[in-house]
Amino acid sequence: MNMLTQLNIPANAKIFILEDMGERIAWFKKHLIGVRGIGLCKTASGAIALLGNVHFDVVFLDHDLGFLDAADHTRPNGNGKEVARYLRDINFPGVVILHSLNEPARAIMAGILPKATIAPFGTFEITLI
């Protein structure tokens with residue numbers, strides 16, 4: 001039996017989630033009840049627009065935002081890599097968690113954001129502290 005990684009998130013944090021799958025979005029919403037605020041986008045362009053206008057403390061990033069991303073992990077735009085570059089370029093001071101299951105793409109994102117936590121979806125639990 002695999003142990004789940006425990007992610008401790010301050011309850012007063014504002015959390016942003018880049019995710020396009022409904023069941024994962026529902027999981028995040030269920031496990032983040034009680035946080036100060038949640039922002040959610042299903043597209044890279046929407047994520048960048050929101051991150052440019054609202055302060056967030058914690059960012060969860062998926063990579064694949066459509067079938068093209070799953071088929072070609074090297075696509076530079078329209079996916080989590082584009083948002084990772086944006087966070088790098090603005091020197092995002094908060095916590096970034098890479099939750100993508102696309103291992104090659106997640107590795108590229110980790111190269112862009114070397115301080116990010118790697119926690120593929122399904123391998124972690126969230127505790128509000």
Side-chain angles (χ1 to χ4, degrees):
M1 181 164 126
N2 291 336
M3 297 286 295
L4 295 175
T5 299
Q6 192 65 45
L7 298 177
N8 295 318
I9 306 288
N12 66 346
K14 286 190 75 175
I15 299 172
F16 174 80
I17 304 161
L18 176 64
E19 179 59 67
D20 66 324
M21 293 181 63
E23 55 275 2
R24 290 185 189 175
I25 292 168
W27 185 92
F28 276 111
K29 287 181 176 180
K30 177 181 174 185
H31 288 84
L32 293 172
I33 291 172
V35 298
R36 183 166 54 124
I38 298 175
L40 170 72
C41 286
K42 295 181 178 184
T43 66
S45 60
I48 291 168
L50 186 57
L51 289 164
N53 289 306
V54 179
H55 167 78
F56 290 96
D57 305 297
V58 179
V59 171
F60 284 87
L61 289 184
D62 189 19
H63 178 268
D64 298 355
L65 303 176
F67 71 93
L68 291 176
D69 297 320
D72 179 6
H73 71 272
T74 63
R75 288 184 62 232
N77 297 313
N79 52 47
K81 286 191 295 296
E82 183 175 5
V83 180
R85 286 191 307 274
Y86 175 77
L87 292 173
R88 177 199 62 204
D89 293 348
I90 66 165
N91 289 318
F92 178 72
V95 173
V96 178
I97 300 162
L98 305 176
H99 74 271
S100 177
L101 292 176
N102 182 332
E103 192 171 344
R106 189 179 65 235
I108 294 169
M109 291 169 60
I112 296 167
L113 296 168
K115 293 181 181 178
T117 298
I118 297 173
F121 190 84
T123 68
F124 60 89
E125 285 291 333
I126 295 174
T127 299
L128 298 179
I129 54 172

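Start at 1 with the first residue, then count along the sequence. Just so you know, these numbers come straight off a predicted model, no measurement behind them. Basis for what follows: all heavy atoms, side chains included, without hydrogens, waters or symmetry-related copies.
Residue K42 qualifies as open at atom NZ: its count of foreign heavy atoms under 6.0 Å is 12 or below. Within a 6.0 Å sphere centred on CD of E125, heavy atoms belonging to other residues, nucleotides or ligands number more than 12.
Sorted by first and then second residue, the side-chain hydrogen bond (donor to acceptor under 3.5 Å, both in side chains) pairs involving residues 78-96 (not counting sequence neighbours) are H63-K81, D69-N79, N77-R85.
The distance from atom CE of M21 to atom CG of L101, rounded to the nearest 0.5 Å, is 8.5 Å. With rounding to the nearest 0.5 Å, the separation of CG in N53 from CD1 in I48 is 12.0 Å. With values rounded to the nearest 0.5 angstrom, L113 atom CG is found 12.5 Å from I108 atom CD1. One finds the CG atom of L98 at 10.5 Å from the CZ atom of F60 (value rounded to the nearest 0.5 Å). Of the inter-residue distances, the one linking E23 atom CD with F121 atom CZ reads 8.0 Å to the nearest 0.5 angstrom. Considering CD1 of I97 and CD1 of I9, their distance stands at 4.5 Å, rounded to 0.5 Å.
By the 4.5 Å heavy-atom criterion applied to side chains, V83 and F92 are not counted as neighbours. Side-chain contact check for L32 versus L128: some heavy-atom pair is nearer than 4.5 Å. Looking at M109 and V96, their side chains never come closer than 4.5 Å, going by heavy atoms from C-beta outward.
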Derivation of the side-chain contact (heavy atoms from CB on, under 4.5 Å) call for L87 and F56 | CA-CA 11 Å; L87 292 173; F56 290 96; over 6 Å; no

Decide side-chain contact (heavy atoms from CB on, under 4.5 Å) for L18 and L65; before the verdict, give the C-alpha distance in whole Å, the side-chain angles of both, and the deciding distance to 0.1 Å.
-> CA-CA 9 Å; L18 176 64; L65 303 176; 3.9 Å; yes

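Ring geometry for F28 versus F124: interplanar angle of 30 to 60°, hence tilted.
The minimum heavy-atom distance linking D64 with D62 is given by the pair O-OD2, 3.2 Å. Between V58 and A13, the closest heavy-atom pair is CG2-CB, 4.3 Å. Residues A119 and T123 approach most closely at C-OG1, 3.7 Å, considering heavy atoms. Across A110 and I118, no two heavy atoms sit closer than the pair CB-CD1, 3.9 Å.
Residue L40 is not grouped with residue F16 when hydrophobic side chains (ILVMFWY) are merged at heavy-atom distances under 4.5 angstrom, including chains of intermediate members. No continuous path of ILVMFWY side-chain contacts below 4.5 Å connects V35 to V54, so the two sit in separate hydrophobic clusters. L50 and I17 fall into different hydrophobic clusters, where Ile, Leu, Val, Met, Phe, Trp and Tyr are joined by side-chain heavy atoms under 4.5 Å apart, directly or via other members. No single ILVMFWY cluster, assembled from side-chain heavy atoms under 4.5 Å apart, contains both I25 and L51.
Although no hydrogens or angles enter the test, the distance criterion places a donor-acceptor pair under 3.5 Å between the side chain of H99 and the main chain of L61.
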